[in-house]
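Residue numbers start from 1 in every chain, and the chains themselves are labelled A, B, ... in the order their sequence lines are given, proteins ahead of strands.
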There are 4 protein chains.
Amino acid sequence: MKTIIEAENDPRRADLDTDYDALGARLARRGVDIEALVARAASFAVAVPSWGTGTGGTRFARFPGKGEPRGIMDKLDDCGVIHALTAATPRVSLHIPWDKTEPALLREKAEEVGLGFDAMNSNTFQDQPDQPLSYKFGSLSHTDAATRRQAVEHNLECIEIGQAIGSKALTVWIGDGSNFPGQTSLSRQFERYLDAMRHVYAGLPEDWRLFSEHKIYEPAFYSTVVQDWGTSLMIAQELGPHAQCLVDLGHHAPNVNIEMIVARLIRAGKLGGFHFNDSKYGDDDLDSGTIDPFRLFLVWNELVELEDTPGLNLAHMIDQSHNITDPIESLIISACEIQRAYVQASLVDRAALEGFRAENDALMAAATLRAAFRTDVEPILQMARLRAGAAIDPIAAYRASGWRARAAETRPAVAAGGGGII
Amino acid sequence: MKTIIEAENDPRRADLDTDYDALGARLARRGVDIEALVARAASFAVAVPSWGTGTGGTRFARFPGKGEPRGIMDKLDDCGVIHALTAATPRVSLHIPWDKTEPALLREKAEEVGLGFDAMNSNTFQDQPDQPLSYKFGSLSHTDAATRRQAVEHNLECIEIGQAIGSKALTVWIGDGSNFPGQTSLSRQFERYLDAMRHVYAGLPEDWRLFSEHKIYEPAFYSTVVQDWGTSLMIAQELGPHAQCLVDLGHHAPNVNIEMIVARLIRAGKLGGFHFNDSKYGDDDLDSGTIDPFRLFLVWNELVELEDTPGLNLAHMIDQSHNITDPIESLIISACEIQRAYVQASLVDRAALEGFRAENDALMAAATLRAAFRTDVEPILQMARLRAGAAIDPIAAYRASGWRARAAETRPAVAAGGGGII
Amino acid sequence: MKTIIEAENDPRRADLDTDYDALGARLARRGVDIEALVARAASFAVAVPSWGTGTGGTRFARFPGKGEPRGIMDKLDDCGVIHALTAATPRVSLHIPWDKTEPALLREKAEEVGLGFDAMNSNTFQDQPDQPLSYKFGSLSHTDAATRRQAVEHNLECIEIGQAIGSKALTVWIGDGSNFPGQTSLSRQFERYLDAMRHVYAGLPEDWRLFSEHKIYEPAFYSTVVQDWGTSLMIAQELGPHAQCLVDLGHHAPNVNIEMIVARLIRAGKLGGFHFNDSKYGDDDLDSGTIDPFRLFLVWNELVELEDTPGLNLAHMIDQSHNITDPIESLIISACEIQRAYVQASLVDRAALEGFRAENDALMAAATLRAAFRTDVEPILQMARLRAGAAIDPIAAYRASGWRARAAETRPAVAAGGGGII
Amino acid sequence: MKTIIEAENDPRRADLDTDYDALGARLARRGVDIEALVARAASFAVAVPSWGTGTGGTRFARFPGKGEPRGIMDKLDDCGVIHALTAATPRVSLHIPWDKTEPALLREKAEEVGLGFDAMNSNTFQDQPDQPLSYKFGSLSHTDAATRRQAVEHNLECIEIGQAIGSKALTVWIGDGSNFPGQTSLSRQFERYLDAMRHVYAGLPEDWRLFSEHKIYEPAFYSTVVQDWGTSLMIAQELGPHAQCLVDLGHHAPNVNIEMIVARLIRAGKLGGFHFNDSKYGDDDLDSGTIDPFRLFLVWNELVELEDTPGLNLAHMIDQSHNITDPIESLIISACEIQRAYVQASLVDRAALEGFRAENDALMAAATLRAAFRTDVEPILQMARLRAGAAIDPIAAYRASGWRARAAETRPAVAAGGGGII
């Protein structure tokens, strides 16, 4: 990949230099040092979810792509490609049991492809072939104590695997809830969940964090135990200092102001990190920044404004479903779009902004944010990649590499899915 | 089943008589003849979707139940049970290719279980094992002419099968759309769709109807070709007099007033029928009347208010996903809830209502509707069932019958699904 | 009014007795004692907002009615009528400065019409003629300390007036927020709000409560300081044990499960009470129970399920905008609809429900709730009113009384409003 | 104003030239001629609503600004300033009766400030002091024929005034609907509306157009007669070739894909124009491009893609409520943001886009749109303004002009509003 990247970068360097200088000069007029922005871009990192390298689907169908990864080893190979091309995705987030493998092998492979491991993800929203008790009616909040215990133990196992591979966090997202008013006691279901989570929390190593992830609906369609950030906050408060809240950009009710939730959770000392994606209707899990790039920017604007908050330590991860694109391409472009929003938010003229806010000059305050947003920071991102040995144009380099075609030769085709679960 | 129904009805008859008489007396005071309402209840019919007899799921998982139908013959058996218990579901709607079988066998089985066939449903939102061209990027609106042709031919085949079994309508719902702004030309994709549909329409027998079904999103998450009733109306206008619009209660944007769409489509002469279900968030496909029973009543209120509109001929069908209940039970109870809303709407004091409307007495007009809605018409529904030889309490009778347990003996268990398509 | 009520009740008593007996017999078969339900209905109380007695409007227009109250004394007269007819609204909630008057006169008038006083409502979302500093850019969260102080002092004055008339709570709802991304610092605006509220809280008498009321949007259209229940919870936690959260049914994002918020706030020990109304789109402030009566029932179902929670002490109030109806009529019917939902929730067969929940019998659990909801409890409500000396049919009695026409004789007509504030 | 503009432009010219050249070079590398884009920017025009020059408000309050226009003459002065600074707003849209004045005086004033007149707007959502019949319960769809006739005559009068001042279109937006299920017959209310509109249409001069504007809700909160584009399309089809649909960006249900509606209405030959604004929750009427600039771009992307559609002739207007900003500033910046989206949409590489679409390369198709969107076209807009004699930085020039302060000297302060219409 190194060779291809260099071969692809070479003919693009002159134009990049031109654009970079022009932008640098323009930013200098605004008192902004372009090198400082390149440094910020270079420091940016977002984790890739192992499962994101496979083609996703809907309840209606899954249309597989060519050369899909056969297992976690293939997935780590794919993740390695993404990081090599972007220099922005140094860690992978595993999902157990999908990625369950001998930890030593995971470590070895990760080292080979130059990656580390991010938060572990447990799965109690599906039944596995060998699983004694079903999660059809819930897992950590199930009415049956044995089923809850099984779900707790699965989470503890995720921690155990994570420890063996150097992870430092466990993300718990469950589908528990109900499909009909009356089906469950909303209050007691929550108590059962809290009780189970206390057992998971008790198994957390000292230097680990536990992330609670909320979602308004799906797969449960009337109520969901951890339905919004308020409930997630109550959980994190109840469990203790190592428990924090994870914000998935697509898990909110329509029209909700997500950047405000970000500000509130930071204030409560409970923001743990993000699952990035984009959406128009529900939890659409589309590529980050493709539907409402300004919203992504506004989230980052909060993070940059509050970046000096003591104790703030955020885990950034992509969480998307790539149904019709090459997943590697979607992950590459998503990482770049998230990074773009971070850099745009970094060049907001904060002194001017604060001045306008102090005077209640709403128009100029808003214009100040927009001026940063509409600055085309592409040369900054490209320069950060070039200097890190990654690709000026990662998609072009990826396509030039023929990675997918080669993968298709060794990885057998997968059958189309869906059909019975409408 | 007959024997069980009678055995179950016997101990309930006395209470029913008491309740029926009390309600009859109360209604008589309002000038309403309870027998007329029983007659309306008895005339009610809603079709059952063959696929609704299997356990549904989400993109996250499917948790199968016991004794799931192995194919269309089992499904027809299950549908027969539903109709025997409710006397409200005399027809089944098939889905091709899921239910593809020798038509003669279908007719024979249907006759055996006392059912007829409703609208045919085509499927171009999935790829079938033997299918030459993929629908990953669309079907009737695909950029590739051969793929569109394949989709057209599939629809024509559905008509052909339907003719052989006595169906009189084809419902076309497609998932075509796009996941990203720019992916498709919104305008030309629609032209391609219209062009393909013209070919389907051309193959329609003289006494058939073609139903266009819209849906705001899912499986496409940025744009959908037939996204709302406005587009569906344009399609029906473009195709001709045999083309009409189908309204699925869960396929609308949040907050939309569905009963108003009903009124508008009737006015345009283009309302063809319904897919009944209930929902709180998206196309949740929950059991009819379980989330917002008043909304269901308001839809029926329009239908009853406008029932004398010349040419109105509606196809009513249930379209739900039964993820955590016994599908037969959900279909039974849904049919009863839809029937309940129809009977409630039938006892609105329309003369009084019109008087209040004429005087702009909004408070009393609204109270008049609510008075009908809150009337507990259960004795009317029970009496209609009893007289038709069905069950006073269909769920109790079904459970007493041991149908599912017996089915589980002959129908092998199915593995849990989901897992790869998040 | 007493005479009219009796005259109106007399011809309705026989039918009521018949219906009451029939319902009683039917409930007895289910093991429910109708007298216990009448007792619960009789114990029900919801406060009326003084401002609800005037005709409301939108930013587009206000269309005044006849005989509108000229001030708080007229409003108390109107509230007295509502309580006399329903026996369900024994208290009035005042809004300062709209209702600002000599406390002794308020007490005297309230005693005259048989009413007490509920929570006080402050107003810092408008500018008053004599007000030194404007709330155009915020009040309790304003960037300017003097403006915040002015808003604090106004709230303290509300407490002072409230103490003089026997109120025991202050409800704080503010419109503070922003209309443009960037206009305010979401985090510091919240700190300023908390700081101001600490001063208000410090002025709270020992036996008072402070209610924080959230709202997703309007009048601010990009961000609102107290935008959801999560933020409201943080506020109540920050301020102390006398601070609680108030839930207005119309102040949530689309699709949100409100009954779940109710359960969560009770669990956190922070649910203080409700502002009842109904809505389809935004904060529509329509009459309670007219748009989604099942949702109202589900909220009450939580309240009844959790009614024995230690320390639970809820303040119930109506908060509606009566734009096209006689406000007295809307308040009467709304009080009755809220009471209806309470009684329906009270007859849920909780033992059966818990059994179904324990067995994950979702279908029967849901059916159990619906069976209660569809029970027509009108005879129970009527009997409770009759026994309390109120009207069997309060709207009919009100209309028979000629109250509005007489009011129109003494209260001068008001000009239509609106026009400049689109 | 000319002098100030020149004085403000002078020190900005050098930087503009630098930025313009750098952008020109960059675009040239992509094969785009910057001069062609300047020409398109120069050809852009959007109308200003006369009422937008006054401070707006909500049902809660209106906080007036300084120097608010006292009437249409002041408003035209303000509109003249906006056009002088932006060269993008050559026409004003009047609202009757708010702007009712001797036509000759209007023409004279418009000529003086260099403006023409756009579509006329009628008002039947408010009652005027001298109005015989109230619109409380509707106007063009009222149950009372005389009220409908009054509303028709008002619209005919608007046409008459419009003819006298050179307008060529009438926009009809009504608030008619209902607040409660049952209040009106959804079907007959629509028939009455259509019947009334036929009379308005009959009064339309040969070279005029009639715009039907839909809105999902507000001021009616349960149903609205013209609630969505489907109904608006039916109206335009029913009335005839001069009737078209107007799309206000804030009048849709949550999550709706507006650009798709644009494509559909163009296909139907019925798109008449736009009311531009931005929104996050409901009809927030915020400044264009401030909440979701990518959505605005996507609307323009459709318009540019379909700009050669025969017969397409669009009326563009701003329709916003400026509650907390100087309305002149908001109108200036909104006109510029709409123009920006148009220019961005104009530089989409359409040949590349079509290639990617043909290959179903969703990722690159989407990236192609985003590449255009993130291009900072500010130098193009500035150059277009400079060459037209307008301001490089219109807000800076406006503030330097001292216009508002001078206006405040001659225009008396207005009292704060709101208070009675919650």
Most contacts with chain B, counted as non-hydrogen pairs under 4.5 angstrom, among [options]:
options                        : value
C/A371, C/A366, C/P293         : C/P293
C/D19, C/V377, C/I291          : C/D19
C/D361, C/N360, C/I324, C/L369 : C/D361
C/T375, C/T18, C/N257, C/V256  : C/N257

Please round to the nearest 0.5 Å and tell me the distance separating atom [atom1] of [X] and atom [atom2] of [Y].
X      : Y      : atom1 : atom2 : answer
C/R370 : B/R340 : CZ    : CZ    : 7.5 Å
B/E329 : C/M364 : CD    : CE    : 8.5 Å
B/F294 : C/F373 : CZ    : CZ    : 8.5 Å
B/D15  : C/R29  : CG    : CZ    : 3.5 Å
B/Q344 : C/R374 : CD    : CZ    : 9.0 Å

Looking at C/D326, C/D287, C/T290, which hits side-chain contact (heavy atoms from CB on, under 4.5 Å) with B/L363?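 That would be C/D287.
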Kindly check if the number of other-residue, nucleotide or ligand heavy atoms within 6.0 Å of CZ (C/R30) is above 12?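 Atom CZ in C/R30 is crowded, with more than 12 foreign heavy atoms closer than 6.0 Å.
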What I want to find out is whether C/R26 reaches B/D376 closely enough, with some N-O distance under 4.0 Å, to be called a salt bridge.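 Salt bridge present between C/R26 and B/D376.
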